[in-house]
Amino acid sequence: MEKEIFGPVLTVYVYNDNEWSETLKLVDSTSPYALTGSIFARDRLALVEAEEALKHSAGNLYLNDKSTGAIVGEQPFGGARASGTNDKAGSHLNLLRWISAQTIKENSVPLTGVGYPHMS
């Protein structure tokens, strides 16, 4: 599947069990689009492998759940690659696109040493 289409659509690809890793590579490399996707498996290790292999293949990846589970304002949602900028609209994570985070710490008590209690 190489086109970005909006559904509901169910895409099924039949593969041999010993071709799981190659199938994940195919899913990752076939399309420039990456809005959302779901993987269903009984094998927990297969899910772990899929999560790692497909980390850039969908803005939202669902494991053993339907791919329409995003609720705007309650669960971040946004596409990656040519499907968007992965902004996660409706979420505080959207703000990260517009900021450059900086941590500032000020101590109002003069330092008496540079050690930490666990270093004693």
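We count residues from 1, following the sequence as given.
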Transitive ILVMFWY cluster of Leu61, excluding itself - 4.5 Å side-chain cut-off: Tyr13, Tyr15, Trp20, Leu24, Leu26, Val27, Ile39, Leu47, Leu54, Leu63
Donor-acceptor check, side chain of Asn64 to backbone of Ala41, threshold 3.5 angstrom: yes or no? yes
Name all pairs fulfilling the salt bridge (charged side-chain N to carboxylate O under 4.0 Å, His left out) condition that reach into residues 34-62, sequence neighbours left out, sorted by first residue then second. Glu52-Lys55
Partner set under side chain to side chain contact (heavy atoms under 4.5 Å, CB included) for Asn16, not counting sequence neighbours: Asn18, Glu19
Any salt bridge (charged side-chain N to carboxylate O under 4.0 Å, His left out) pairs touching residues 27-37, not counting sequence neighbours? Asp28-Arg81
About how many Å separate CG of Asp17 and OG1 of Thr23, when rounded to the nearest 0.5 Å? 9.5 Å
Rest of the hydrophobic cluster containing Phe40 (Ile/Leu/Val/Met/Phe/Trp/Tyr, side-chain heavy atoms under 4.5 Å)? none
For Lys25, side chain to side chain donor-acceptor pair (under 3.5 Å) partners two or more places apart: none
